[in-house]
Amino acid sequence: MNTFTYIDKRLIDLGQEQKAKLVHALNDKEKALVNAFYTGAKNELASLRDELMRDVSPVDDELPKNHIVNHAEMRESS
């Protein structure tokens with residue numbers, strides 16, 4: 001899994017986690033806190049993805065070799 005795929009998957013996961021947490025929020029204050037946290041996390045990931053995209057030419061669909069991170073391999077080596 002490359003970095004872009006990982007970020008896109010994580011953005012989807014964050015949205016699902018947010019929905020699940022909102023179901024269990026007891027009041028509007030907790031819902032606002034959940035929304036603020038997940039909105040911040042999603043914005044940070046989207047910003048990172050956009051920053052990485054600036055380093056990739058329009059014809060490339062992958063990051064340059066020295067920027068690609070295989071997250072599955074990282075978990076295996078931990």
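What you are looking at is a predicted structure, and each value in this text was computed from that prediction instead of being measured.
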- Task: Check side chain to side chain contact (heavy atoms under 4.5 Å, CB included) between L45 and all other residues, then give those that pass, not counting sequence neighbours.
- Result: I7, R10, L11, L14
- Query: With sequence neighbours left out, what residues match I12 under side chain to side chain contact (heavy atoms under 4.5 Å, CB included)?
  - Reply: Q16
- List in chain and number order the residues that pass side chain to side chain donor-acceptor pair (under 3.5 Å) with D50, two or more places apart in sequence or in another chain; answer none if no residue qualifies. none
- side-chain hydrogen bond (donor to acceptor under 3.5 Å, both in side chains): which pairs involve residues 26-37, sequence neighbours left out? Q18-N35
- Item | K42 atom NZ: more than 12 heavy-atom contacts under 6.0 Å | yes
- Query: How long is the span from the CG atom in L48 to the CG atom in N43, to the nearest 0.5 Å?
  - Reply: 12.5 Å
- Intermediate values then yes/no, side chain to side chain contact (heavy atoms under 4.5 Å, CB included), R49 and D8: CA-CA 9 Å; R49 180 193 58 210; D8 287 340; 3.5 Å; yes
